[in-house]
2 protein chains.
Amino acid sequence: MALGKNYDAQDCSLAKALEVIGERWTLLVVRDAMYGVRRYGDFLAHLDIPRAVLSQRLAALVEAGVLDKRRYRDSPPRDEYILTPMGHELWLPVLALAEWGGRHLTSTGPRRVFHHLTCGTRIDGAARCATCGVQVPIEEAEVRPGPGLAGTRDDPVSEALRTPHRMLHPIP
Amino acid sequence: MALGKNYDAQDCSLAKALEVIGERWTLLVVRDAMYGVRRYGDFLAHLDIPRAVLSQRLAALVEAGVLDKRRYRDSPPRDEYILTPMGHELWLPVLALAEWGGRHLTSTGPRRVFHHLTCGTRIDGAARCATCGVQVPIEEAEVRPGPGLAGTRDDPVSEALRTPHRMLHPIP
DNA sequence: TACCATGGTTCAATGAATGAACCCAAAGGG
DNA sequence: CCCTTTGGGTTCATTCATTGAACCATGGTA
């Protein structure tokens with residue numbers, strides 16, 4: 001890809017970020033990981049992504065240091081993918097983008113809304129809690145269904161997110 | 001693209017946002033527009049993007065309502081692309097992503113830093129001015145060269161950005 | 001008139017995405 | 001002991017997008 005070749009020539013932090021999370025599907029994988037998705041099969045079911053692409057994206061995110069692949073059972077061997085601290089810090093960009101999409105590209109209102117765990121206040125597109133006056137880290141946030149949620153999907157992830165769910169906590 | 005097909009199935013604001021600005025090069029075009037790039041040739045020179053791809057991306061952004069194509073001279077006919085208010089609101093996502101890239105993917109520090117025009121304070125990844133305690137809109141921001149800037153490019157846009165430049169204001 | 005700049009379009013070759021099929025190891029059931 | 005299922009992948013042919021070079025059209029300019 002020319003973006004890769006121009007990496008140095010671009011001389012721009014945004015271009016470097018896009019090298020890591022700018023490919024098709026990648027940011028949706030990250031978003032799912034933020035919701036607490038950890039297993040290959042759950043990503044697959046929730047995203048409707050081709051298996052080969054999912055494998056490539058997970059490997060690339062591990063390589064880049066956004067995800068950590070860890071063995072959580074030996075027999076049979078099972079691995080899970082969880083966000084690293086570097087991955088946690090994608091919270092603000094992901095939230096800001098989703099908020100922009102919700103504001104300009106839907107007629108039914110946002111599909112999901114985010115609240116500050118410690119006070120329950122809804123946070124804005126910059127992750128700010130108006131009550132506490134702080135920028136809420138992903139560890140202190142919760143997703144709740146929003147007014148625009150269609151609720152037509154029936155995979156385990158969609159089911160879990162139909163009720164409030166703490167960010168990063170594993171899907172059942 | 002499957003993302004397109006799954007548009008409704010995804011039921012997610014982030015997926016909708018990525019439909020508009022998630023393709024390769026698109027967000028870099030938007031970033032350049034934020035810097036004040038308006039002419040086809042300037043995008044071309046600054047991005048090193050294939051002409052066909054640039055044409056397609058500009059048309060798609062106009063179609064989506066992020067850019068406005070306007071005739072600024074009749075003889076010879078010349079058009080320029082400028083950000084709509086909807087485009088201005090990509091400021092936070094773009095800034096947040098660039099900030100993340102600068103924090104995790106460069107060793108030399110950020111290439112460009114952003115300051116609040118009215119007070120001169122540097123703003124953070126959430127566009128916040130610590131002095132004024134507000135979220136700075138793009139109209140009140142200025143780019144300045146950062147410590148990690150390589151300065152090897154010599155197109156008109158790179159030249160213009162080697163000194164402080166008000167966001168959205170046209171490149172000379 | 002010849003040349004040049006701007007702002008594109010067209011085209012062949014390459015590379016990535018897609019979706020279906022296949023693979024494999026380990027349980028679990030009978 | 002055999003058969004099936006489940007999770008987590010890989011392989012492969014087809015389709016689609018990207019790339020880079022070449023071409024084109026319009027309207028100045030020397």
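Below, read A as the first sequence line, B as the second, and so on, with proteins coming before strands; counting in each chain starts at 1.
Residues B/Asp32 and B/Arg38 are not paired through a salt bridge, judged by the lack of any N-O separation under 4.0 Å between the basic side chain and the carboxylate. For A/Arg144 and A/Glu142, the salt-bridge test passes: some basic side-chain N is under 4.0 Å from an acidic carboxylate O.
With B/Asp79 as reference, B/Arg71 is the one residue of B/Arg70, B/Arg71, B/Arg73, B/Arg39 to meet the salt bridge (Lys or Arg N to Asp or Glu O under 4.0 Å) rule.
Closest of all the heavy-atom pairs between B/Gly65 and B/Thr84 is O-OG1, 2.6 Å.
Distance B/Glu23 CD to C/dA16 P: 17 Å, rounded to the nearest Å. Here D/dA17 presents its C1' atom at 8 Å from CZ of A/Arg24, a figure rounded to the nearest Å. To the nearest angstrom, C1' of C/dT6 lies 18 Å from CZ of B/Arg38. Remark: C1' of D/dT18 and CZ of B/Arg57 are 8 Å apart, rounded to the nearest angstrom. Following rounding to the nearest Å, B/Leu18 (CG) and C/dA17 (C1') show an atom-to-atom distance of 16 Å. One atom, CZ of B/Phe43, and another, C1' of C/dT6, lie 15 Å apart when rounded to the nearest Å. In this structure, CG of B/Leu47 is placed 16 Å from C1' of D/dG20, rounded to the nearest angstrom.
There is a path of hydrophobic side-chain contacts, each under 4.5 Å, that joins A/Val62 to A/Leu90. Clustering ILVMFWY residues whenever any of their side-chain heavy atoms sit less than 4.5 angstrom apart, transitively, puts B/Leu95 in a cluster other than the one holding A/Leu92.
Taking the side chain as every heavy atom from C-beta outward, B/Val134 and B/Arg128 never approach each other to under 4.5 Å.
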Using a 4.0 Å heavy-atom cut-off to protein, can you give one letter per nucleotide of nucleotides 5-15 of chain D, 5' to 3': B if the base is in contact, S if only the sugar-phosphate is, - if neither?
--SBBBB----
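Of the listed nucleotides (D/dT19, C/dG19, D/dG28), C/dG19 has the atom at the smallest distance from the side chain of A/Pro50.
Note on the helix from C/dT1-D/dA30 to C/dG30-D/dC1: terminal axis deviation equals 10°, with five pairs used at each end and the result rounded to 10°.
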Start with the C-alpha distance between A/Ile123 and A/His115, add both sets of side-chain angles, then the distance that settles side chain to side chain contact (heavy atoms under 4.5 Å, CB included), and finish with yes or no.
CA-CA 5 Å; A/Ile123 65 184; A/His115 289 254; 6.0 Å; no
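OP1 and OP2 of D/dA17 both lie 4.0 Å or more from every side-chain N or O belonging to B/Trp25.
Aromatic pair B/Trp91/B/Phe114: ring centres closer than 6.0 Å.
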